[in-house]
Amino acid sequence: RDVIYLAENQIPFFVVDEIHKLTTPDGGGVSAADAIAGYVRELLRGQQYSVATPAVAGPPGPGNLLHLLHMHLTPTAALSSSRTTGDRVIGKQRRFGRWRSATEYYCAGVGFRSRPLVGKGARSILDVKLDGRGGTLEIPRLKIDGETSRLLRNLMALEQSNPVEAGSHVTAYCVFLSQLAGTVRDVELLSRRGIIAHGLGSHDEVAACLADLCKGVAFGGDDPGGNYLRATWQGLEEIFRSRPRRWAAWLMLRYFRNPWLAVGLAAAAVGLVCTVVQAVY
């Protein structure tokens, strides 16, 4: 499962198709692309990476097996909305910079929620969405095992070597993930929110794995066509730079998480109001 999609193991897909024709002379009524795509689809659904069903048999079709896997990991609504938004107001927006860590966003009042891969929700792990009204970042759950890093790096290698055909959306997602969850505290926070699930030895291993995910990868974040998460970054940056929102989040984290402190603060406020009323009258 994990070796067949290595970038260095790839051969052109028309060779795979010819082998399929030789091994099944009657064709079985199914092309090689459809036959293998069915296996890939079940594999990704079992890993909860994607529930998409892209058209793989028609032109141009997959270039190799890794490209076939890549076709199932394409952002849907987030891709179209970020392109139109970015093209419309690109001149008024800040230049793309680093993503802040999950703990930084959380301390600024950003919420985190796991986005399900069902119904009208996300279709793959790439469908990250920012709820602008509530300031909640919805991220599909990512199951991390010993081969997750290698699989994502192979998909990025495909995009780095074929930017025109493959695009750069997996690279954009990996840059987002590596900077959002690059420390132990970030992994702990996202694990509590159900966004990261892993079977590794500790959160430290997961943080180290994600922090090193994009080493040596070239990525231009200011291109709205190449970075489908650019509008999401802009929205989070506006929330982070909002002082009233950060103060409200600080009060919530400092005082209102403890019910006794909240009761004491409310009692003090009532006492202050009563004192002012008494002084006036």
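- Rounding to the nearest 0.5 angstrom, the gap separating the CD atom in Gln179 from the SG atom in Cys214 is 7.5 Å.
- The backbone N or O of Thr103 lies less than 3.5 Å from a partner atom in the side chain of Asp186, making a donor-acceptor pair.
- The SG atom of Cys174 lies 9.0 Å from the CG atom of Leu210; values are rounded to the nearest 0.5 Å.
- Under a 3.5 Å cut-off, the side chain of Glu104 and the backbone N or O of Ser101 do form a donor-acceptor pair.
- When atom types are taken as modelled, the side chain of Tyr228 and the backbone of Ser168 share no donor-acceptor pair closer than 3.5 angstrom.
- In plain terms, the two heavy atoms of Tyr106 and Leu189 that are nearest each other are CB-CD2, 3.8 Å.
- Arg100 meets the side chain to side chain donor-acceptor pair (under 3.5 Å) test with Glu237; sequence neighbours excluded.
- Side-chain atoms of Arg45 come within 3.5 Å of backbone atoms of Val51 as a donor-acceptor pair (strictly under, hydrogens ignored).
- For Gln278 and Thr275, the side-chain atoms include no donor-acceptor pair closer than 3.5 Å.
- Between Val175 and Trp99 the shortest heavy-atom distance is O-CD1, 4.1 Å.
- Taking every heavy atom of both residues into account, Gly97 and Trp233 meet most closely at N-CZ2, 3.2 Å.
- Between Phe13 and Ile36, the closest side-chain pair of non-hydrogen atoms falls below 4.5 Å.
- Remark: side-chain polar atoms of Arg153 are paired, donor with acceptor, to backbone N or O of Leu213 under 3.5 angstrom.
- Scored by the side chain to side chain contact (heavy atoms under 4.5 Å, CB included) test, Gln160 finds Thr171, Val217, Ala218 as partners (sequence neighbours excluded).
- Residue pairs meeting the ring pair (Phe, Tyr, Trp, His ring centres under 6.0 Å) criterion with at least one member in residues 178-209, sequence neighbours excluded: His198-His203.
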**OP:** Please assess Leu190 against Leu180 for the test side chain to side chain contact (heavy atoms under 4.5 Å, CB included), listing each intermediate value before the final yes or no.
**Re:** CA-CA 9 Å; Leu190 297 177; Leu180 185 77; 4.1 Å; yes

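- In the hydrophobic clustering of ILVMFWY residues, with side-chain heavy atoms under 4.5 Å counting as a link, Val273 and Tyr281 come out together.
- Hydrophobic clustering (side-chain heavy atoms under 4.5 Å, transitive across Ile, Leu, Val, Met, Phe, Trp, Tyr) keeps Leu200 apart from Val184.
- Going from atom CD1 of Ile139 over to atom CD1 of Ile196 covers 8.0 Å, rounded to the nearest 0.5 Å.
- Ala32 and Val16 get closest at one heavy-atom pair: CB-O, 4.4 Å.
- Here the closest non-hydrogen pair linking Tyr105 and Leu236 is CE2-CB, 3.7 Å.
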List the atom pairs, with distances to 0.1 Å, where a side-chain N or O of residues 65-72 and a protein N or O form a donor-acceptor pair under 3.5 Å, not counting sequence neighbours.
from, atom 1, to, atom 2, distance (Å)
His67, ND1, Gly63, N, 2.8
His70, NE2, Glu159, OE2, 2.7
His72, ND1, Leu68, O, 2.9

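- Among residue pairs with one or both ends in residues 266-275, none qualify as salt bridge (Lys or Arg N to Asp or Glu O under 4.0 Å); sequence neighbours excluded.
- Here the side chains of Asn227 and Tyr173 are not in contact, with every heavy-atom distance at 4.5 Å or above.
- Residues in residues 198-218 take part in these salt bridge (Lys or Arg N to Asp or Glu O under 4.0 Å) pairs, two or more places apart or across chains: Asp212-Lys215.
- Using a 4.5 Å cut-off on side-chain heavy atoms (C-beta onward), Arg193 and Ser114 make no contact.
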**OP:** Could you please spell out the steps behind the side chain to side chain contact (heavy atoms under 4.5 Å, CB included) verdict for Arg113 and Ile195?
**Re:** CA-CA 7 Å; Arg113 182 188 305 149; Ile195 294 171; over 6 Å; no

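- No side-chain heavy atom of Arg115 sits under 4.5 Å from any side-chain heavy atom of Val128.
- Expressed to the nearest 0.5 Å, how far NE2 of His20 lies from CG of Asp34 amounts to 9.0 Å.
- One finds no salt bridge joining Arg185 and Glu188 here, because no Lys/Arg side-chain nitrogen approaches an Asp/Glu carboxylate oxygen to under 4.0 Å.
- Once rounded to the nearest 0.5 Å, the distance linking CG of Asn154 with CD of Glu147 reads 10.0 Å.
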**OP:** With side chain to side chain contact (heavy atoms under 4.5 Å, CB included) as the test, would you mind laying out the steps for Ile125 and Leu177 before giving the verdict?
**Re:** CA-CA 11 Å; Ile125 55 175; Leu177 189 64; over 6 Å; no

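- Phe219 is connected to Leu158 through a chain of hydrophobic side-chain contacts under 4.5 Å among Ile, Leu, Val, Met, Phe, Trp and Tyr, so both are in one cluster.
- Glu165 CD: 12 or fewer foreign heavy atoms inside a 6.0 Å radius.
- A donor and an acceptor atom, one from each side chain of Tyr49 and Thr148, are located under 3.5 Å apart.
- Nearest heavy-atom pair, Ser124 versus Leu73, reported as atom, atom and distance to 0.1 Å: CB-CD2, 4.1 Å.
- Atom CZ of Phe14 and atom CG of Asn64 lie 11.5 Å apart (nearest 0.5 Å).
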